[in-house]
Amino acid sequence: MDNGVEVGTLTGRPLFFCGIGGSGMLPLAQIAHGLGHPVAGSDRSRDSGRTPAKFAWLESRGFTLFPQDGSGVTSPDQVLVASAAIEDTVPEVARAKELGCERLSRAELLSALFNEAGFSIAVGGTSGKSTVTGMIAWILHEGDYDPTVMNGAVMKNFVSAENPFASARIGRPELFVSEVDESDGSIALYRPTIGVLLNVSLDHKSIEELRVLFGDFVARAGTAVINLDSPEAGYLVPRAAHCVTFGLKNARADITVEPDSIDQNEFGIRAAVIDNREREVFPLILPMPGLHNLSNALAAIAAARAAGIAVRHAVYALRSFGGLARRFDVIGTSAEGVTVIDDFGHNPEKCAATLRTLKASHGRVIAFFQPHGYGPLRQMGAELAQTFARELGPDDITIMCDPVYFGGTVDRSEGAERIVQLINAAGGKAEHIPAREDCGTRIAALARPDDRIVVMGARDDTLTEFAQSLFARLP
């Protein structure tokens, strides 16, 4: 992959976002708009009437929206921002090609803005990127550093009436924090001052490919922040020019915890954080549950330390960290004690972390899972099945609908029914119900007092609405 796009070539040019409402496109459009670019866009979801409040808000903030029929692309001076996976038959793509418009992927535009910053922090890894990005952003905000932040999830600390979709924060352009993606190889475009590597495990690419991508990422960073609890990540430490390490289970890490100090419940976790370089200990009170979130907190603290922020300040800031939408996001608890949780879990590691957090406290788990595409099911379906069979107990149940499908020519021959068969063959309990609405009916019928219902999946904004509708059906 080349060195990407130079910001100077984009100065003042109008940008047109194809799929502007997506979790990756929306925050980038917000940042580009905040930096002074005229921004317009289109989205299939808007045309089909999905999440209308989001698109109404965008229009109210000065974003010009068009139907996805090519009518918004009118000048060769426009830059089309579209996923590399978008087909040439999409009207905007065809029209842009006709006019000779420059076309950029989301990652090409984001990396151009990111690399222009004087001080940049990139967060990479298979799992936890959005949470750690949000934590770092909050630490910097609390220290009055005013960062610009690009995230793939809504950061609750930054939500306001003016910005209910706060997956981006517009601050100083010279201080830029962003999660970066390895799934399409675009992580190779970023040149971070600080590069955070959380973990390396199977997701969209093979382990061999991930070793190369993450190894090069670590080598390009001015300072790498690496998780020693992840063997694959720890293996890449020698590739870093400068390194700060962290880990829950590794006493040699620069940032770690006293093992006997960890105290967790379903609402949060406490631990004594050790800064081994300074030989100091600080009490962390994190208002979100799960050992994976304690590890995420250590990553953010280590990144802050690499940026010159004292560990004591980072630890204190995280006491008021509000978390992210769709990251173990509790929708509510019914009168009979049934809790509904909305969660982004979609790969084996993310799903395992969520399920382990649920199983750390009392109550049966009903896990609803909507696969985020047919391709990912082929890539990691067997590992997903093993995760649900291993992490859930004999009383728990997995309900799986068909993958979310937004069109295209993808091979749809292997679907959710195969994963359900694998879960049951491995000793778990699972049901395949093709339509999501029918899954909701089944879950509502199954629910009993003290159950925890978790709605899991990615790349579909309506999953939160589904979780809310489930909660509304509970007695």
Side-chain angles (χ1 to χ4, degrees), residues 23 126-131 152-154 201-204 266 288-290 292-293 323-332 338-361 363-374 376-377 379-393 396-405 415-420 422-423 428-440 442-444 446-447 451-471:
S23 61
T126 311
S127 300
K129 294 187 290 291
S130 297
T131 298
V154 172
S201 62
L202 186 69
D203 194 346
H204 298 275
E266 58 189 299
M288 52 197 311
H292 64 294
N293 279 320
L324 304 182
R326 301 216 66 236
R327 271 44 173 199
F328 209 89
D329 198 355
V330 177
I331 300 296
V338 181
T339 300
V340 177
I341 296 154
D342 188 22
D343 191 78
F344 188 67
H346 64 278
N347 65 33
E349 187 164 333
K350 286 184 172 73
C351 290
T354 296
L355 297 176
R356 284 172 192 162
T357 301
L358 287 165
K359 294 302 293 180
S361 56
R364 183 178 68 154
V365 174
I366 301 174
F368 167 79
F369 183 78
Q370 176 180 279
H372 63 290
Y374 288 87
L377 273 190
Q379 174 75 15
M380 55 185 167
E383 289 78 9
L384 272 170
Q386 290 168 11
T387 297
F388 282 95
R390 180 185 67 243
E391 301 297 340
L392 294 179
D396 305 321
I397 186 168
T398 301
I399 307 289
M400 194 173 296
C401 68
D402 285 340
V404 63
Y405 176 66
E417 63 274 11
R418 180 177 74 96
I419 313 306
V420 165
L422 291 172
I423 293 172
K429 188 193 300 182
E431 297 179 10
H432 169 233
I433 301 173
R436 189 172 79 181
E437 190 55 39
D438 294 337
C439 290
R442 175 64 172 149
I443 292 168
L446 283 170
D451 280 351
R452 277 82 48 74
I453 300 169
V454 59
V455 172
M456 307 172 80
R459 297 185 184 171
D460 183 355
D461 290 344
T462 66
L463 280 167
T464 297
E465 294 173 9
F466 176 68
Q468 291 166 340
S469 72
L470 262 177
F471 181 67

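All values below come from the heavy atoms of this structure, side chains included, with hydrogens, waters and symmetry mates left out.
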Could you report the tightest heavy-atom contact between [X] and [Y], atom names first, then the distance?
X: Ala352; Y: Arg390; value: CB-NH2, 4.2 Å
X: Arg459; Y: Phe344; value: N-CE1, 4.4 Å
X: Ala447; Y: Val338; value: CB-CG1, 4.4 Å
X: Gly428; Y: Ala389; value: N-CB, 4.2 Å
X: Ala467; Y: Ile331; value: CB-CG1, 4.0 Å
X: Ala416; Y: Leu377; value: N-CD1, 3.7 Å

Atom [atom1] in [X], atom [atom2] in [Y]: separation rounded to 0.5 Å?
X: Arg418; Y: His432; atom1: CZ; atom2: NE2; result: 12.5 Å
X: Met456; Y: Leu384; atom1: CE; atom2: CG; result: 9.0 Å
X: Leu355; Y: Leu392; atom1: CG; atom2: CG; result: 5.0 Å
X: Glu383; Y: Asn347; atom1: CD; atom2: CG; result: 10.5 Å

Please check if any side-chain donor atom of Ser130 sits under 3.5 Å from a side-chain acceptor atom of Arg326, or the reverse.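 Looking only at side-chain atoms, Arg326 and Ser130 do not form any donor-acceptor pair under 3.5 Å.
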
Partners meeting side-chain contact (heavy atoms from CB on, under 4.5 Å) with [X] (sequence neighbours left out):
X: Arg442; value: Ile399, Glu431, Ile433, Leu446
X: Ala444; value: Arg473
X: Ala385; value: Ile419, Leu422, Ile423
X: Thr339; value: Val330, Thr333, Ile341, Arg452

With side chains defined as the heavy atoms from C-beta onward, is the minimum distance between [X] and [Y] less than 4.5 Å?
X: Gln386; Y: Pro348; value: no
X: Gln370; Y: Cys401; value: yes
X: Leu358; Y: Phe328; value: yes
X: Glu417; Y: Asp402; value: yes

Residue of the set Ile443, Ile453, Ile397 for which side chain to side chain contact (heavy atoms under 4.5 Å, CB included) holds with Phe368: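 Answer after filtering Ile443, Ile453, Ile397: Ile443.
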
Scan Thr398, Thr357, Thr354 and name whichever one has a side chain to side chain contact (heavy atoms under 4.5 Å, CB included) with Val454.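 Among Thr398, Thr357, Thr354, the one that satisfies the side chain to side chain contact (heavy atoms under 4.5 Å, CB included) with Val454 is Thr354.
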
Name the one of Lys359, Arg364, Lys429 that satisfies salt bridge (Lys or Arg N to Asp or Glu O under 4.0 Å) with Asp396?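 One option only clears the test, and that one is Lys359.
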
Residues that Phe471 engages under ring pair (Phe, Tyr, Trp, His ring centres under 6.0 Å), provided they are two or more places apart: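 Ring pair (Phe, Tyr, Trp, His ring centres under 6.0 Å) check on Phe471 returns nothing, list empty.
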
Applying side-chain hydrogen bond (donor to acceptor under 3.5 Å, both in side chains) between Asp460 and each of Arg436, His372, His346, report the one that passes.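 Considering Arg436, His372, His346, a side-chain hydrogen bond (donor to acceptor under 3.5 Å, both in side chains) with Asp460 is found only for Arg436.
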
Would you please name every residue forming a salt bridge (charged side-chain N to carboxylate O under 4.0 Å, His left out) with Asp343, sequence neighbours left out?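 For Asp343 there are no salt bridge (charged side-chain N to carboxylate O under 4.0 Å, His left out) partners, ignoring immediate neighbours.
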
